[in-house]
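Note sheet for the following structure.
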Amino acid sequence: MASFIDFRNPPGSDRRADTAIRATAEPLWVRRVVIGIVALFFFFFLFLPLLVVFQGALAKGVDVLKEAFTDHDILHSIWMTLIVALITVPANTAFGIAAAWAITRYRFTGRQVLLALIDLPLWVSPVIGGLIYVLLYGRRGYFGPWLQAHDIKIIFALPGMVLATTFVTFPFVARSLIPLMQAQGVEEEEAALTLGASGLQILRRITLPKIRWGLFYGVILCNARAMGEFGAVSVVSAKISGKTNTMPLEIERLYNDYLFPQAFAVASALSLLALLTLSLKTLAEWKNRRQFEAGQRSLLEPTIEPLHP
Amino acid sequence: MSIEITSLTKSFGAFPAVNDVSLKIETGEMVAFLGPSGSGKTTLLRLIAGLEFADKGEIFFNGENVTIKNANERKAGFVFQSYALFNHMTIFENIAFGLHVAPRAKRLTKEKIRERVLSLLEIIQLSGLENRFPVQLSGGQRQRIAFARALAVEPKVLLLDEPFGALDAKVRRELRTWLGEFHERTRLTSLFVTHDQEEAFEVADRVVIFDKGSVQKIGTPLEIRSGTSNAFVRDFLALDI
């Protein structure tokens, strides 16, 4: 976080920072080569593929595109993607707020373990995220017989897909809130408490408004991952087109069936959703940084007597 | 409101912040907690407010045991060292906060809330600033807003944690005088934490001197300054020089 704060200083405001930039500055040709490499990388690995996706979708003309988006199976995959995201994102928003609250506001045994566990889904392959639910709720899993006896279907159905996606997207809300809530401290909440506010009133009137942009950032990141998840979902979905296929799974199905224009049509729709998310994310980042800095400022101002000398 | 504390103890890990403190504060008194950093005076104030909970000992408000009551039930007016104003709310909303969150049955009408907020702004001499945000005010102004916000809910006791700690010397003196006059007028039981002995002796009726979590000396400014055999107090107040 420190780096961008330094760069936001107007030139000359801090002489030491100024000379530091000058002292570490490379010769012009080195800078040009480095920037050139980065630009080439971006062009070939990010920009070109995106362009190809849209080009592929339009390759056989607009009619094929229109047909694709009236096809029952394709529309159903979009619907499934939205349903999964619609359940997963609110659930993980609630989990994320609760986890961030617990970690930043309380000191308890196992706090470090919880902090590490939040990151777990980022460290393991999404396929494992899918497999654990098969092992738990699948026909031969721990709860399989009981679920079968009660005629509840989790694996190869929507509940399993929601569970797998929830696992994969869990870290995003919590991770974007924890540093923010740590920077802001608890004094405003304590002030509200001494004024007679209840826990819920404090959450609604103080905490949520203070973290709203960080929360928004986490939620859309979570949403982007939820809509784009392939690995975990492909393990627990039966991959039946028109029944349990989400957009990423449907793209794979169409591609394997040599229906390239249709595959690219769905892919471009998914890419558009991602681009929309990206622009919302940028807005949130900008707003969040301002809130974060405001939090830091209010912390820096007074000299607070340390509790542990 | 009178406050009685009996053998209160609070540790953070292995560090005893407040160690077996007993005190009785009478209704209408203005008492200063004086001591060096880390002497436990802020922790004691937070224990009284209910922002921390004691390991041992009890706290009574007007004879009623409040030891296990939450801060939002005790409703002690608390002014934080860093003010802890709600930065996303206007000054009006800040001062009205305690009135807005009151239980529906006890909540004042909109007009009554407005009336009280405006009259508080007048008392702290900041009329006309109700639509500003905290970041638009100076340190001294924010301090007074924090004060008005605590007073809005009509607390029976006012707890001030280094109320003038973050202000420059001139504003500090002005606000200190103002606080003294306010207390003369209202006789609201008040406790304030400070490490500045001049501040303590000028404003307070009685001064409690802390060191290492324990009370070293209690008395009126005159009693304390007229001499003591406690080595720490003599050294801290520089009475030997």
Side-chain angles (χ1 to χ4, degrees), chain A residues 104-109 111-112 177 180-216 284 287-309, chain B residues 10 12-15 17 36-43 46 49-52 70-89 93-103 106 134-135 139 142 146 149-150 152-153 155 159 161-162 165-167 193 195 212:
Chain A
T104 57
R105 299 298 190 250
Y106 308 130
R107 294 286 170 275
F108 52 94
T109 13
R111 185 172 162 270
Q112 290 300 327
L177 288 184
L180 182 65
M181 288 171 74
Q182 243 153 13
Q184 285 174 335
V186 294
E187 281 212 316
E188 289 182 39
E189 276 92 350
E190 286 184 343
L193 201 62
T194 61
L195 292 166
S198 67
L200 260 174
Q201 285 173 321
I202 293 173
L203 182 70
R204 196 169 66 80
R205 288 170 179 264
I206 309 292
T207 310
L208 286 181
K210 269 169 55 179
I211 60 171
R212 61 176 182 268
W213 287 109
L215 182 63
F216 180 62
K287 294 268 193 188
N288 184 32
R289 186 191 306 160
R290 293 185 12 167
Q291 221 170 38
F292 184 87
E293 283 171 355
Q296 293 260 298
R297 261 201 304 282
S298 69
L299 273 188
L300 289 177
E301 253 173 28
T303 46
I304 299 166
E305 186 179 328
L307 291 173
H308 309 271
Chain B
K10 170 76 182 175
F12 295 108
F15 172 68
S37 286
S39 59
K41 51 197 193 308
T42 294
T43 305
R46 290 172 59 85
L51 294 172
E52 307 278 354
N70 280 323
N72 52 4
E73 295 171 280
R74 294 191 206 181
K75 285 204 193 168
F78 201 103
V79 177
F80 291 80
Q81 184 181 7
S82 59
Y83 320 134
L85 295 180
F86 308 131
N87 286 322
H88 61 286
M89 297 183 197
E93 291 165 334
N94 263 278
I95 298 176
F97 183 86
L99 304 170
H100 281 146
V101 297
K106 287 187 200 164
V135 287
R142 281 186 226 178
R149 182 180 67 180
V153 290
L159 307 172
D161 183 13
E162 294 271 2
L167 302 171
V193 162
H195 60 262
K212 298 198 179 78

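Each chain gets a letter, A, B and so on, in the order the sequences are listed, and its residues count up from 1. Values in this document were obtained by computation on a predicted structure and should not be read as measured data.
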Checklist entry - Looking at CG of B:L51 and CD of A:E189, how far apart are the two atoms once the value is rounded to the nearest 0.5 Å? => result 12.0 Å
Checklist entry - What are the two closest heavy atoms between B:F86 and A:E188, and how far apart are they? => result CE2-O, 3.2 Å
Checklist entry - Only one of B:E93, B:H88, B:H100 forms a side-chain contact (heavy atoms from CB on, under 4.5 Å) with A:R205, so which one is it? => result B:H100
Next on the checklist: Is it true that, when you exclude A:R105 itself, more than 12 heavy atoms of the residues, nucleotides or ligands shown sit nearer than 6.0 Å to its CZ?
Outcome noted: yes
Checklist outcome for this item: Looking only at heavy atoms, the pair that brings A:L195 and B:V101 closest together is O-CG2, 4.0 Å
Item to check | B:N72 (side chain) donor-acceptor with A:A197 (main chain) under 3.5 angstrom | outcome: yes
Next on the checklist: Looking at every heavy atom in both B:A84 and A:A191, which two are closest together, and how far apart are they?
Outcome noted: O-CB, 3.9 Å
Checklist entry - Which bit of B:L85 comes within less than 4.5 Å of chain A, counting heavy atoms only: side chain, backbone, both or neither? => result backbone
Item to check | B:M89 to A:I206 - nearest heavy-atom pair and separation | outcome: CE-CD1, 3.7 Å
Item to check | Interchain contact, B:A150 with chain A, by part (heavy-atom threshold 4.5 Å) | outcome: backbone
Checklist entry - Going through the distances and angles, do A:L193 and B:N70 end up as a side chain to side chain contact (heavy atoms under 4.5 Å, CB included)? => result CA-CA 9 Å; A:L193 201 62; B:N70 280 323; 6.0 Å; no
Checklist entry - What part of A:E190 gets closer than 4.5 Å to chain B, counting heavy atoms only: side chain, backbone, both or neither? => result both
